[in-house]
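Sharing a structure, written as structure tokens. Questions coming.
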Amino acid sequence: MGESSPVVGEGERYKKVHYVTGLLTLFYGVYMVLALVLPLYRVYGVLDGLVAFSYYRVTYSGAPVTVDELDRTSYMAAPLVLFTVYMVFSGANLLLALLEGEDYTVQLRLCFTGGLVGAVSSAVFLGLYSYFFTRAVATLSFSLDHVTSAGRLILGSSNVQQFPYTGLLLNPLVHLVLALATLLSSTLSILLHTGRGWPPEPHEAEGPGHAR
């Protein structure tokens, strides 16, 4: 009789860990997609428009307004968008392979790579958010009214209002926890899958050429 493959040999012992890895990878990817593409702020008043992390459209009397900091954020967010697509793809493929009983070694490695990149991407996202995005959004809120010797001159104002979900999508703690959980889970899955358990059985640690 031939030896069983690592996937079959694992049985059901580690499948739950792999499912958690797939779900975390998929969820983290979807969460990042939403944080990058959903409108986060609404601008109204003298200026009008919507601001998302990866794009924006703000107008003044119908004419588009350019904000340098938002342009920088949009350009630098492009690699993050690609990363989120990768995470969604990797997590979904791992879950599909598990459900269909196929070999999922490649999918586990993709999720592990995504977990490593995710830790860096989360730091990049929070850095862009702190140093460019918040500063740019703040410049969109202002008042043109001023007081003269003849009285108060009302010329209008621009206001920024965040959407109900904005606080959740931009919460640094949520980003860091998801990135860390995805990395730890994918690392554990790789160790369990490639080592057929951790720590390995004594005969596995000795190697196939060990003489008894």
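Numbering of residues begins at 1 and proceeds along the displayed sequence. Keep in mind it's a predicted model, so treat the numbers as computed, not measured.
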Heavy-atom closest contact (A136 atom, E69 atom, distance) |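 It is CB-CB, 3.4 Å.
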
From L188 CG over to L183 CG, what is the distance, rounded to the nearest 0.5 angstrom?
->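 It comes to 11.0 Å.
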
List the atom of V81, the atom of S54, and the distance in Å for their closest heavy-atom pair.
->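 Looking at all heavy atoms of both residues, the closest pair is CG2-CB, 4.4 Å.
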
With Y56 as reference, evaluate D71, T73, L50, V65 under the side chain to side chain contact (heavy atoms under 4.5 Å, CB included) test and give the passing residue.
->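 Of the listed residues D71, T73, L50, V65, the side chain to side chain contact (heavy atoms under 4.5 Å, CB included) partner of Y56 is D71.
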
For the ring pair F133 and F53, is the centre-to-centre distance below 6.0 Å?
->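 Ring centres of F53 and F133 closer than 6.0 Å.
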
Are any side-chain N or O atoms of S185 and backbone N or O atoms of A181, one a donor and one an acceptor, separated by less than 3.5 Å?
->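 Not a single qualifying donor-acceptor pair exists.
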
Verdict with reasoning, L98 to K15, per side chain to side chain contact (heavy atoms under 4.5 Å, CB included) | CA-CA 8 Å; L98 288 168; K15 285 288 186 68; 3.7 Å; yes

So, Y55 side chain and V37 main chain: donor-acceptor pair closer than 3.5 Å or not?
->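 Yes, the answer is positive, given that a donor and an acceptor are paired below the 3.5 Å cut-off.
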
Cluster question for you: counting only ILVMFWY and a side-chain heavy-atom cut-off of under 4.5 Å, with indirect links fine, are L184 and M87 together?
->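 No, because L184 and M87 fall into different hydrophobic clusters, even though each may have its own neighbours under 4.5 Å.
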
Could you state whether V137 and Y165 fall into the same hydrophobic cluster, counting links through intermediate Ile, Leu, Val, Met, Phe, Trp or Tyr residues with side-chain heavy atoms under 4.5 angstrom apart?
->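 Same cluster.
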
Hey, what do you get for CD (Q161) to OH (Y44), rounding to the nearest 0.5 Å?
->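 Between Q161 CD and Y44 OH, I get 5.0 Å after rounding to 0.5 Å.
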
Is any side-chain heavy atom of V88 less than 4.5 Å from a side-chain heavy atom of Y28?
->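 In short, these two side chains do not touch, never coming nearer than 4.5 Å.
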
Is the number of heavy atoms from other residues, nucleotides or ligands within 6.0 Å of CZ (F27) greater than 12?
->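 Atom CZ in F27 is not crowded, with 12 or fewer foreign heavy atoms closer than 6.0 Å.
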
At their closest point, which heavy atom of Y31 faces which heavy atom of N171, and how far apart are they?
->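 Closest heavy-atom pair between Y31 and N171: OH-O, 4.1 Å.
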
Could you tell me which non-hydrogen atom of T25 sits nearest to which non-hydrogen atom of T21, and how far apart they are?
->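 In terms of heavy atoms, the two residues are closest at OG1-O, 2.7 Å.
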
Could you walk me through whether L94 and L108 pass the side chain to side chain contact (heavy atoms under 4.5 Å, CB included) test, one step at a time?
-> CA-CA 7 Å; L94 175 57; L108 278 179; 3.8 Å; yes

So how far is it from F112 CZ to I190 CD1, rounded to the nearest 0.5 Å?
->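 Spacing of CZ (F112) from CD1 (I190) equals 6.5 Å.
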
Rounded distance (nearest 0.5 Å) linking atom CZ of R42 with atom CG of L140 =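 CG of L140 is found 13.0 Å from CZ of R42.
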
Would you name the heavy atoms of A97 and Q107 that are closest together and state the gap between them?
->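 For A97 versus Q107, the nearest heavy atoms are CB-NE2, 3.8 Å.
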
Is the side chain of Y86 donor-acceptor paired with the backbone N or O of L110 at a distance under 3.5 Å, no angle test?
->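 Yes.
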
V177 and V174: same hydrophobic cluster, using ILVMFWY side-chain contacts below 4.5 Å?
->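 No; tracing contacts between hydrophobic side chains, which count when under 4.5 Å, never links both residues.
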
When clusters are formed by joining ILVMFWY residues with side-chain heavy atoms under 4.5 Å apart, either directly or through shared neighbours, do L70 and L38 land in the same one?
->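 In one cluster with L70: L38, yes.
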
Is there a donor-acceptor contact under 3.5 Å from the side chain of T84 to the main chain of G29?
->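 Not a single qualifying donor-acceptor pair exists.
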
Does a sphere of radius 6.0 Å around CZ in R72 hold more than 12 heavy atoms from other residues, nucleotides or ligands, not counting ones at 6.0 Å or beyond?
->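 Yes, CZ of R72 has more than 12 neighbouring heavy atoms, counting only those of other groups under 6.0 Å.
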
Are the side chain of T166 and the backbone of Q162 linked by a donor-acceptor contact shorter than 3.5 Å?
->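 The answer is no, because no donor-acceptor pair under 3.5 Å joins these two groups.
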
Joint cluster assignment, L178 & L180, ILVMFWY side-chain distance < 4.5 Å =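 No; tracing contacts between hydrophobic side chains, which count when under 4.5 Å, never links both residues.
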
Point-to-point distance, once rounded to the nearest 0.5 Å, from CG of N93 to SG of C111 =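 Here the interatomic distance stands at 8.5 Å.
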
Side chains of F163 and L169: does their closest heavy-atom pair fall under 4.5 Å?
->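 Answer no - side chains too far apart.
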
Which heavy-atom pair separates A179 from A119 by the least distance, and what is that distance?
->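 Nearest pair, atom of A179 first, then A119: CB-CA, 4.3 Å.
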
Mind checking the CG-CG spacing from L36 to L82? Nearest 0.5 Å is all I need.
->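 With rounding to 0.5 Å, CG (L36) is 10.5 Å from CG (L82).
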
CA sep, side-chain torsions, deciding dist, call: V43, D48, side chain to side chain contact (heavy atoms under 4.5 Å, CB included) = CA-CA 5 Å; V43 185; D48 183 69; over 6 Å; no

With a 4.5 Å heavy-atom cut-off, do V67 and T139 have their side chains touching?
->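 Answer yes - side chains close enough.
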
Tell me, with the steps shown, if H175 and M32 meet side chain to side chain contact (heavy atoms under 4.5 Å, CB included).
-> CA-CA 8 Å; H175 279 272; M32 285 293 292; 3.5 Å; yes

